[in-house]
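Report on the following structure.
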Amino acid sequence: QVQLVESGGGLVQPGGSLRLSCAASGSIFSINTMGWYRQAPGKQRELVATITNDNIINLSDSVKGRFTVSRDNAKNTVDLQMNSLKPEDTAVYYCNAVARLRFMGSLRPYWGQGTQVTVSS
């Protein structure tokens, strides 16, 4: 099974920066796409950013120009660099990975437990 562990969340002032990290572990053969989703109170979970194993990036329009996503395929990690943070960025951020386990032939999605990001003065 694949486990995803997020880190780097916390409280930051508007205009500040945070860097979230996610590490995947388990009997992983390969990871296709990794990404970040977020869910604010009373809202549905939404896509923030995804990155493929060949570094094709998809960013939500609400974070373009402010957030950057990157990954290290050798370490099975994905980072989300968040700059110019706004109060509306406040949410629980979840790491996602679409991965293939060793000795299995299909891709499946996996989720982390989430990390809280609060943007407030």
Side-chain angles (χ1 to χ4, degrees):
Q1 189 172 349
V2 176
Q3 291 189 346
L4 302 174
V5 179
E6 303 103 331
S7 62
L11 175 65
V12 65
Q13 294 183 349
S17 298
L18 282 175
R19 187 184 185 190
L20 305 183
S21 296
C22 174
S25 62
S27 57
I28 302 169
F29 178 77
S30 63
I31 300 176
N32 189 336
T33 303
M34 301 189 78
W36 294 90
Y37 294 72
R38 66 186 182 186
Q39 187 169 18
K43 300 291 184 65
Q44 298 292 322
R45 186 174 299 187
E46 65 175 353
L47 170 71
V48 177
T50 60
I51 182 168
T52 68
N53 55 7
D54 54 353
N55 288 319
I56 298 175
I57 295 172
N58 181 34
L59 294 172
S60 169
D61 288 340
S62 64
V63 304
K64 285 182 179 178
R66 300 188 297 120
F67 291 11
T68 301
V69 64
S70 61
R71 66 186 289 174
D72 186 330
N73 292 337
K75 297 181 178 180
N76 289 332
T77 60
V78 61
D79 290 354
L80 183 68
Q81 179 66 48
M82 304 185 294
N83 301 321
S84 302
L85 283 162
K86 305 174 181 179
E88 51 262 45
D89 295 318
T90 296
V92 177
Y93 284 70
Y94 296 91
C95 179
N96 169 264
V98 180
R100 190 187 309 275
L101 299 179
R102 291 199 299 265
F103 311 112
M104 298 184 69
S106 62
L107 292 165
R108 293 287 184 267
Y110 299 89
W111 293 91
Q113 292 187 347
T115 184
Q116 177 70 48
V117 172
T118 302
V119 184
S120 176
S121 60

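This structure is a prediction, so every number in the text was calculated from the model and none was measured.
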Output all residues satisfying side chain to side chain contact (heavy atoms under 4.5 Å, CB included) with Asn83, sequence neighbours left out; order by chain, then residue number.
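Asn83: side chain to side chain contact (heavy atoms under 4.5 Å, CB included) contacts with Ser17, Gln81.
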
List in chain and number order the residues that pass salt bridge (Lys or Arg N to Asp or Glu O under 4.0 Å) with Arg66, two or more places apart in sequence or in another chain; answer none if no residue qualifies.
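Arg66: salt bridge (Lys or Arg N to Asp or Glu O under 4.0 Å) contacts with Asp89.
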
Tell me, please, which residues at least two apart from Arg19 pass salt bridge (Lys or Arg N to Asp or Glu O under 4.0 Å).
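By the salt bridge (Lys or Arg N to Asp or Glu O under 4.0 Å) rule, Arg19 matches Asp79.
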
Could you tabulate the donor-acceptor pairs under 3.5 Å formed by side-chain atoms of residues 114-121, not counting sequence neighbours?
from, atom 1, to, atom 2, distance (Å)
Thr115, OG1, Gly9, N, 3.4
Gln116, NE2, Ala91, O, 3.4
Gln116, NE2, Thr118, OG1, 3.3

Is the count of non-hydrogen atoms from other residues, nucleotides or ligands lying under 6.0 Å from Gln1 atom CD greater than 12?
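12 or below, so no.
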
For atom CD of Gln39, decide whether the heavy atoms of other residues, nucleotides or ligands shown that lie under 6.0 angstrom number more than 12.
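Yes, enclosed.
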
Verify same cluster id: [X], [Y] (apolar side-chain graph, 4.5 Å):
{"X": "Ile57", "Y": "Trp36", "answer": "yes"}
{"X": "Trp111", "Y": "Met34", "answer": "no"}
{"X": "Val2", "Y": "Met104", "answer": "yes"}

Pairs satisfying disulfide (SG to SG under 2.5 Å), at least one member in [range], at least two apart:
{"range": "residues 32-89", "answer": "none"}
{"range": "residues 1-119", "answer": "Cys22-Cys95"}
{"range": "residues 47-78", "answer": "none"}

To the closest 0.5 Å, what do you measure between [atom1] ([X]) and [atom2] ([Y])?
{"X": "Arg45", "Y": "Tyr37", "atom1": "CZ", "atom2": "OH", "result": "9.5 Å"}
{"X": "Ile28", "Y": "Arg102", "atom1": "CD1", "atom2": "CZ", "result": "8.5 Å"}
{"X": "Leu80", "Y": "Glu6", "atom1": "CG", "atom2": "CD", "result": "11.0 Å"}

For residues 46-96, pull every pair meeting ring-ring contact (aromatic ring centres under 6.0 Å, His included), keeping only residues two or more places apart or in separate chains.
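ring-ring contact (aromatic ring centres under 6.0 Å, His included) check on residues 46-96 returns no pairs.
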
According to side chain to side chain donor-acceptor pair (under 3.5 Å), who are the partners of Glu46, at least two apart in sequence or on a separate chain?
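Checked Glu46 against side chain to side chain donor-acceptor pair (under 3.5 Å); matches are Arg38.
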
Check side chain to side chain donor-acceptor pair (under 3.5 Å) between Asn76 and all other residues, then give those that pass, not counting sequence neighbours.
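Scan of Asn76 (side chain to side chain donor-acceptor pair (under 3.5 Å), adjacent residues dropped) gives none.
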
Closest approach of [X] and [Y], non-hydrogen atoms and distance?
{"X": "Ile31", "Y": "Ala99", "result": "CG1-CB, 4.0 Å"}
{"X": "Leu18", "Y": "Leu85", "result": "N-CD1, 3.9 Å"}
{"X": "Arg71", "Y": "Thr33", "result": "NH1-CA, 4.0 Å"}

Just distance, no hydrogens or angles: give the donor-acceptor pairs under 3.5 Å from side chains in residues 47-56, sequence neighbours left out.
from, atom 1, to, atom 2, distance (Å)
Thr52, OG1, Asp54, N, 3.4
Thr52, OG1, Asp54, OD1, 2.3
Thr52, OG1, Asn55, N, 3.4
Thr52, OG1, Ile56, N, 3.0

Residues that, via side-chain heavy atoms closer than 4.5 angstrom, fall in one hydrophobic cluster with Leu107
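Traced through the cluster, Leu107 reaches Val98.
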
